[in-house]
Amino acid sequence: MLRTYAFVLSLILLANTASFSQTTKASSDFEIQKITEGVHAVIRKEPPGLTVNGNCVLIINEEDVIVVDTTLTPGSAREALNELRKLTSKPVKYVINTHWHDDHIMGNQVFRDAFPGAVFIAHANTRDYLPTTGLTNRKQAMSEQGYPGFIAALQSRLRKNESVFGGPMDEEERATYASDIRIAERYMAENPGVEIVLPTITLTDRVTLHSGSRTVDIRYLGRGHTSGDIVVHLPKERILITGDLVISPVPYVGSPQSHPGEWGATLEKLLALQASIIVPGHGPVLRDDSYVKQMAHLFASIKQQVDTAVARGETLDQARKSVNLDEFQNVFAGTSRMRKLVFRNYVAGAGIEAAFRDATMKK
Ligand SMILES: [Zn+2]
């Protein structure tokens, strides 16, 4: 998990929190944002990091509650549940997992235990992955090469003040590693008690929930971040909860789990839903679709450049040199060294690799 999944950013630097008059500070690691009547997002606030926790959304209906994603640990899920209890005493009826990565599912049991009747909904591939690839990844994360090694390496760098870029660290790098260690240590401490709760309803296209006056449309729009990403659309409120199809400030791409060659087309379908508020899997609530359009351009360019490289008969190593994403790195990472590192590793690195694999597999 760590090799491909380590460098996911949770964004606070681009967060336009000033525009959210109803934001309340819940803790240093997350905040609750009221998006509209009855819809509240639990937004993670850890600094841009090498490992990450995920956003969670609470949809309070007339009679019941729908939860979208349950964060990286039971403890952080319990924090989200505590926030829910401050908002309502209504029961959670549905829990939707946008995909199978740990930072979106590890808190499932908290909601199952608190609401034994709750129904879990995910893509059919999520149900397949959780006990197979998911289990392998969870074991790997707990092994010496996983989080223990990761924590030791970061602690050593902090102790020696040794930047990964050479020379001493700046404040951004130091704060990032400190946060990464906290997330990893919490995962290590809580993982042994985690029971994986599988979805009891799976979909491969669309399921629509009707609860009172609320309509919640769960859609599969195509492959992207994984092969089982679903989005949760509230058409009347024009709110879209995207899971990791949208990650800000730098999209996370994994190899082999992501499909960057198809991600752009999937995002075009997502944009066609014309949501006015977009809640990403990581990063702040987006009030327009400009960031998603940038992501769609990025993945369209990766597809076009990798397809061209494959058509020329290039190897993966040759494609890594010929595909040029510098312009996009400037857009997504700006002047931040940590974001540039993430972009290089996971968009240019894993992204080109995964797109190349898919493009050559089709031949
Ligand atoms: Zn993910």
Side-chain angles (χ1 to χ4, degrees), residues 1-11 41-44 46 48-57 67-73 76-77 95-108 121-123 125-130 132-138 140-141 146-147 180 183-184 187 191 194 196 199 218 220-232 240-260 262-263 266-267 270 278-284 291-292 295 298-299 332 342-343 345-347 349-351 353-354:
M1 178 174 104
L2 285 161
R3 267 202 316 274
T4 53
Y5 197 11
F7 288 86
V8 185
L9 288 186
S10 98
L11 166 67
V42 183
I43 299 294
R44 300 303 308 185
E46 285 93 351
L50 312 182
T51 190
V52 74
N53 202 337
N55 292 336
C56 160
V57 182
V67 174
V68 185
D69 283 341
T70 63
T71 77
L72 179 67
T73 72
S76 54
V95 176
I96 302 166
N97 293 125
T98 57
H99 63 295
W100 55 273
H101 285 148
D102 281 0
D103 50 330
H104 301 261
I105 60 105
M106 294 283 272
N108 278 6
I121 304 175
H123 191 279
N125 288 342
T126 294
R127 191 179 160 96
D128 291 341
Y129 274 114
L130 279 171
T132 54
T133 314
L135 179 66
T136 307
N137 288 351
R138 286 188 291 279
Q140 202 182 326
Y147 272 133
D180 289 340
I183 292 173
Y187 181 94
N191 177 299
V194 170
I196 298 303
I218 308 169
Y220 173 67
L221 302 173
R223 301 200 298 183
H225 177 71
T226 69
S227 57
D229 305 305
I230 53 178
V231 300
V232 179
L240 189 64
I241 304 155
T242 66
D244 286 358
L245 280 175
V246 180
I247 295 177
S248 162
V250 182
Y252 156 67
V253 190
S255 179
Q257 55 204 278
S258 299
H259 301 279
E262 295 161 51
W263 200 329
T266 301
L267 287 177
L270 188 153
I278 296 168
V279 185
H282 304 276
Y291 179 80
V292 182
M295 278 188 65
L298 165 68
F299 287 113
F332 284 89
V342 172
F343 189 94
N345 275 285
Y346 291 92
V347 180
E353 184 182 305

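For ligands, and for the atoms within them, numbers begin at 1 and follow the listed sequence. Since we're looking at a predicted model, the values are computed, not measured.
In His101, the N, O or S atom that comes nearest to the Zn ion (ligand 1) is ND1.
Residues that satisfy the ring pair (Phe, Tyr, Trp, His ring centres under 6.0 Å) test with Trp263, not counting sequence neighbours, are His225, Phe299. Evaluation of the side-chain hydrogen bond (donor to acceptor under 3.5 Å, both in side chains) rule for Ser76 yields Asn53, Thr71, Thr73 as partners, not counting sequence neighbours.
Distances from the Zn ion (ligand 1) show that His225 has an N/O/S atom below 2.8 Å.
Inspection of the Thr51 and Asp180 side chains reveals no N or O donor paired with an N or O acceptor under 3.5 Å. A donor and an acceptor atom, one from each side chain of Asp102 and Tyr187, are located under 3.5 Å apart.
The angle Asp244:OD2 - the Zn ion (ligand 1) - His99:NE2 amounts to 90°, with values rounded to 10 degrees.
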